2 protein chains.
Amino acid sequence: MLSIIDAAIAMLQSRNFATHLAPQDALTRGTPKDRLEISKRFECLAMNLKQLSETLGLSQTTVSRALNGYPEVNEDTRRRVMEAARRHDYRPNTRAKSLATGRAMAIGHVIPISTKHEIVNPIFADFIAGAGETYTKMGYDMLLSVVPDADQARCYREMKAKRNVDGVILHGPHFDDSRIPLLTEIGLPFIVHGRSTNATLPYSWLDVNSRRAFERATGLLLDLGHRRIALLNGLEHMDFALRRRAGYSAALQGAGIEADPALMRSEEMTEGYGHRAAIQMLRADAPPTAFLTSSLIIALGVRRALEELGLKMGRDVSIVTHDDELSYLRNGEDIPIYTAVRSSVREAGRMAAEMLIRRITDPTLPHLDRLLEAELTIGQSTGPAPNRGARQGGAG
Amino acid sequence: MLSIIDAAIAMLQSRNFATHLAPQDALTRGTPKDRLEISKRFECLAMNLKQLSETLGLSQTTVSRALNGYPEVNEDTRRRVMEAARRHDYRPNTRAKSLATGRAMAIGHVIPISTKHEIVNPIFADFIAGAGETYTKMGYDMLLSVVPDADQARCYREMKAKRNVDGVILHGPHFDDSRIPLLTEIGLPFIVHGRSTNATLPYSWLDVNSRRAFERATGLLLDLGHRRIALLNGLEHMDFALRRRAGYSAALQGAGIEADPALMRSEEMTEGYGHRAAIQMLRADAPPTAFLTSSLIIALGVRRALEELGLKMGRDVSIVTHDDELSYLRNGEDIPIYTAVRSSVREAGRMAAEMLIRRITDPTLPHLDRLLEAELTIGQSTGPAPNRGARQGGAG
DNA sequence: CCCGACTCTCAAAGCGCTTTGATAGCGCGC
DNA sequence: GCGCGCTATCAAAGCGCTTTGAGAGTCGGG
C-alpha cells in the first residue's frame with residue numbers, strides 16, 4: 001500500500017506528472033485515504049498549526065492565540081511565534097478556520113445572465129474590481145456564481161445552506177424585486193447595488209441618484225433649446241431605468257413639454273440598439289434633435305447612426321449619456337467626448353463592499369444606505385438645437 | 001447568559017434588526033460561544049447532517065452514503081433519505097465537507113489590475129461567464145481575487161496555503177511568464193488561457209491561434225491591394241500580442257513588403273488609443289490605407305478618427321479587427337460592421353474550465369492543450385485599397 | 001440448525017482550526 | 001507557610017462532514 005503512495009508522490013515531485021506514466025494510476029484508483037495521504041505529503045510545503053506548534057514546542061492553543069492577537073500571550077512568545085509563522089509561510093487552512101469560527105470570510109456575488117440575450121452586464125467587471133479591492137484589504141474572499149436569471153433564488157438559498165459566504169451583494173435590482181424579501185427571509189446579510197422601488201422591507205443599499213442625474217441631463221438639453229429629446233433607456237423592469245425615465249419626464253414636464261412615446265425606447269443596452277433606434281427615430285417624420293442614452297455603449301451606437309446619416313454629433317444632433325466610467329471604455333482621455341452624467345461603478349463597488357462587511361461584522365447595525373450624486377460633465381456631443389428659431393417660434 | 005441570547009434571537013427574528021435597539025448589543029459584546037449559539041439557533045432553517053439523520057432515525061454515516069451515491073445503501077433507504085433531504089432543503093456545509101474531503105470544490109481566478117492604468121481587461125466578464133457556466137454545472141465554486149499586478153505571486157501562494165481552491169486559471173500570460181514556474185513549484189493545478197512563448201516547463205493551456213488569425217487578416221488586406229497596413233496591437237509583453245505581430249509580419253514578408261515601424265503601435269487596448277494612433281498615422285506623410293487592430297474597442301477609436309478626418313471606413317480606409325465576441329459589445333447584429341477575426345471568449349472560458357476540472361479530478365492525466373482557430377468574417381469595414389492603381393503601378 | 005457470505009447500518013476517528021475551562025508557576029501579604 | 005490573585009500555558013471539546021473498520025441482520029447451503 002505504502003509503495004503505491006510513494007510511487008505517486010515520487011511522480012508528483014518529479015514535476016512531469018503530466019506525461020503519461022502508465023502504472024501510476026494510484027492517484028485515481030487509490031482509496032480516499034490514499035489520496036489524502038498523498039496530498040498531505042505532497043503539500044507538505046504548507047504547514048499546519050500542529051506542525052508549527054510542535055516546531056516551537058508550544059501548544060496549538062498558544063500559537064493560535066499568539067497569531068490572532070489575543071492578550072493572554074507573553075509578548076516574547078508572540079514575537080517568537082510570529083517570526084516562525086512568517087519563516088514557514090504559515091497560513092491557516094481557510095476551511096478549518098471557517099468551520100471553527102462559523103465565518104466564511106467570503107462574500108458572494110450572483111451574476112445573472114439574461115437568458116434571452118446571454119448578456120453579461122458590462123459594469124460587472126468594474127464593480128467587482130472595486131469590491132475586490134475592499135475584500136482583499138479586509139481579508140475576505142469573493143465568490144462568484146454565474147446563473148441564468150431564473151435560477152437566482154435557488155442560488156441564494158444554496159449559498160445560505162452551503163454556508164460558504166457571509167453575505168451577498170445584490171446586483172441590478174428590479175422594481176419590487178423579489179430577491180429582497182427572499183434574502184431577508186433566509187437571513188443572509190446583503191446590500192443592494194441600486195434600489196428597489198416598492199420594496200416593503202427595509203434593506204441596505206448604495207445607489208446613484210439616477211432620477212436627479214437624468215433630470216439634470218434633460219434640463220441641459222432643454223436649456224440648449226432642444227425640444228424633441230429621445231430617451232434610449234435600459235430595460236424598464238430594472239429599477240434604475242425607471243428612475244432615469246422619471247427624471248427625464250419630470251424635466252420635460254417642468255418645461256411644459258409632453259413626452260412623446262415615439263421618442264422613448266427601453267431595451268438591453270447594446271451598441272446595436274442605440275444604432276437601430278437612432279436610425280429609426282431620425283428617419284421618422286419628427287426626428288429628435290437630441291438623444292439621452294442610458295449607457296456609453298448605446299451612445300456609441302447612436303453616434304454610428306449619425307455618421308451613417310451624414311449628421312454631425314454636437315451640431316446636428318446632441319447626445320448626453322450616462323457614463324459608468326468603465327476602465328476599458330473611457331469617455332475620451334483628457335477632454336470628454338460625450339456630455340455625460342458620470343458616476344464611477346468601481347468606486348461604488350468599493351463602497352458597497354465596505355458597507356456590507358460593516359454590517360456582517362456588526363449585525364446590530366441599522367440598515368445602511370448611501371445615495372451618490374452623478375457628476376455632469378460637458379463634452380463635445382452637445383450643442384444648441386439646430387433649428388431653434390424655427391421650432392420655438394414666438395413661444396420661447 | 002441565556003436571556004441575552006434569547007433577546008438577541010428575538011431581535012433577529014423580529015426582522016427589523018436593522019433599527020437601532022439600544023440594549024441589544026449582545027451580538028457584539030457576547031462571547032464567541034454566544035455568537036455561535038445565536039447563529040446556530042437563528043440559522044436553524046438550514047439543517048445539518050446530524051439533525052437530518054436524527055429525523056430519519058438513521059446514522060450520519062448511512063445518510064451521508066445515501067446522499068453521496070455509495071453502493072452499500074439499500075435503495076429504499078436511499079430514496080427515503082433523498083426525499084427527506086429534498087424536503088428539508090438540506091445542503092451539506094461546504095466548509096465541513098471540504099475539510100473532510102480535502103477538496104475545496106472551488107477554482108480561483110486571479111484578476112490582475114494593471115497598476116499603471118487601473119484597467120480591468122474587458123474580456124474577463126465574458127470569460128468568467130463562460131467558465132462560471134461550467135463550474136455551476138460541475139458543482140464548483142468560483143473564487144475571484146482582484147490584485148495589483150505586482151502582488152500576484154503572493155496571491156497564488158496564499159491560495160495554495162489557505163487551501164480554498166483546487167486549481168486556478170491563469171489569465172493574460174506574458175512572454176516567458178513567471179507565474180508558470182511558480183504555480184508548478186507550489187503544486188497548484190492550473191490551466192493557462194493563452195500560451196507563454198519561451199516557457200520551459202510543460203503546462204496545460206487553451207489558446208486561439210493568434211498568429212494564424214493575424215496572418216490571414218493581413219493577407220486579406222494585401223489581397224485587397226493595401227500596402228500600407230497599420231497594426232494597432234495590445235501591449236507586447238502580452239504573449240498574444242507577440243503572436244499577432246508575428247502573424248502580421250509574416251504576411252507582409254510573404255508579400256515582399258517590409259514592415260514599417262511607424263505603422264506599428266503597442267499599447268493598452270482602449271478606444272482612446274485607437275483614436276490617437278489613427279489620427280497621428282493618417283496625418284503623417286505616408287498614411288496607411290488600412291488598420292489591423294487587436295480589439296474591437298481599438299477599432300471603435302479608429303473609426304472615430306476616420307469620422308473626424310472626413311474619411312469613410314471601408315472606402316478610404318479599411319479596418320480589420322480581432323473580435324472576442326463580447327456579449328455586450330457585438331460587432332453588429334445581423335451583418336458584421338467590422339471585418340474581423342473572431343473567437344468567442346465565452347466559449348474559451350467554458351472549455352478552459354472543463355479542462356482544468358478534468359485535470360483536477362485526475363491528476364495523472366497528461367497536460368492538456370487546445371488551439372482554437374479564429375474565424376474570418378467579412379464586414380463593411382474593408383474594401384479595395386483606394387489608390388491601388390497609382391501605388392501598385394505595373395508591379396501588381 | 002448452524003455457519004459463512006452478503007447486505008445494510010453504525011459508532012468513532014479524523015480533517016485543522018478556535019475556544020473553553022483548567023492548571024502550573026510565581027510573587028505577595030498576613 | 002498558606003492562600004490569593006495573576007499570568008502564561010495547556011489539554012480537550014467541538015465545528016459538520018467523510019470514511020474506516022466493525023457489527024447486526026438475513027439468507028441459503030450443507
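FYI, side chains are in, hydrogens and waters are out, and symmetry mates aren't considered; it's all heavy atoms of this structure. Chain identifiers are assigned alphabetically (A, B, ...) following the order of the sequence lines, protein sequences preceding nucleic acid strands; residue numbering begins at 1 within each chain. For clarity, every value in this text was computed on a predicted model and none was experimentally measured.
Taking for each of Gln60(B) and Gly57(A) the nucleotide of DNA chain D with the nearest heavy atom, the 5'-most of the two is the partner of Gly57(A). DNA chain C is contacted by both Pro92(A) and Arg65(A); Pro92(A) maps to the nucleotide lying nearer its 5′ end (nearest heavy atom per residue).
Rounding to the nearest 0.5 Å places CD of Gln51(B) at 10.0 Å from CD of Gln60(B).
Per the geometry, CG belonging to Leu56(B) stands 13 Å off C1' belonging to dT9(C), to the nearest Å. Distance CZ (Arg91(B)) to C1' (dT18(D)): 19 Å, rounded to an integer number of Å. Taking atom NZ of Lys50(B) as the reference point, atom C1' of dA11(C) lies 13 Å away to the nearest angstrom. Distance, Asn74(A) CG to dC6(D) P: 18 Å, rounded to whole Å. The interatomic distance linking Leu67(B) (CG) with dG16(D) (P) rounds to 17 Å, in whole Å. A straight line from CG of Leu49(B) to C1' of dC15(D) spans 13 Å, rounded to a whole angstrom. The separation between Asn68(A) atom CG and dA8(D) atom C1' is 17 Å, rounded to whole Å. Here dG16(D) presents its C1' atom at 18 Å from NE2 of His88(B), a figure rounded to the nearest Å.
Side-chain proximity of Val73(B) to the nucleotides dT18(D), dG16(D), dT9(C) is greatest for dT9(C). Comparing dT9(C), dT9(D), dT18(D) by their nearest atom to the side chain of Leu58(B) picks out dT9(C). Among the nucleotides dT19(D), dC15(C), dT19(C), the one closest to the side chain of Leu99(B) is dC15(C). Listed nucleotides dT18(D), dG16(D), dC17(C) differ in distance to Asn48(A); the shortest reach to its side chain belongs to dC17(C). Ranking dC8(C), dC10(C), dT18(C) by closeness to the Glu72(B) side chain, first place goes to dC8(C). Comparing dC17(C), dT9(C), dC17(D) by their nearest atom to the side chain of Asn93(A) picks out dC17(C).
When the side-chain nitrogen and oxygen atoms of Tyr90(B) are compared with OP1 and OP2 of dC17(D), one or more of them lie within a distance under 4.0 Å. Between Ser64(A) and dT18(C) there is a side-chain N or O to OP1 or OP2 distance below 4.0 Å. One finds a side-chain N or O of Tyr70(B) lying less than 4.0 angstrom from the OP1 or OP2 phosphate oxygen of dT19(D).
Using a 4.0 Å cut-off between a side-chain N of Lys or Arg and a carboxylate O of Asp or Glu, Arg80(A) and Glu83(A) do not qualify as a salt bridge.
Side-chain N/O atoms of Thr77(A) and base N/O atoms of dA8(D) include no donor-acceptor pair closer than 3.5 Å. One N or O donor and one acceptor, one from the side chain of Thr61(B) and one from the base of dT19(D), sit under 3.5 Å apart. If you check distances only, the side chain of Thr62(A) never reaches the base of dA8(D) with a donor-acceptor pair under 3.5 Å.
The only option from Asp141(A), Asn93(A), Asn164(A) that meets the side chain to side chain donor-acceptor pair (under 3.5 Å) definition with Asn164(B) turns out to be Asp141(A).
With Arg78(B) contributing its side chain and Leu67(B) its backbone, the two residues share no donor-acceptor pair below 3.5 Å. Remark: side-chain polar atoms of Asp149(A) are not paired, donor with acceptor, to backbone N or O of Pro112(A) under 3.5 angstrom.
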His193(B) and Phe127(B): CA distance, side-chain angles, deciding distance, ring pair (Phe, Tyr, Trp, His ring centres under 6.0 Å) verdict: CA-CA 10 Å; His193(B) 178 211; Phe127(B) 184 89; 4.4 Å; yes
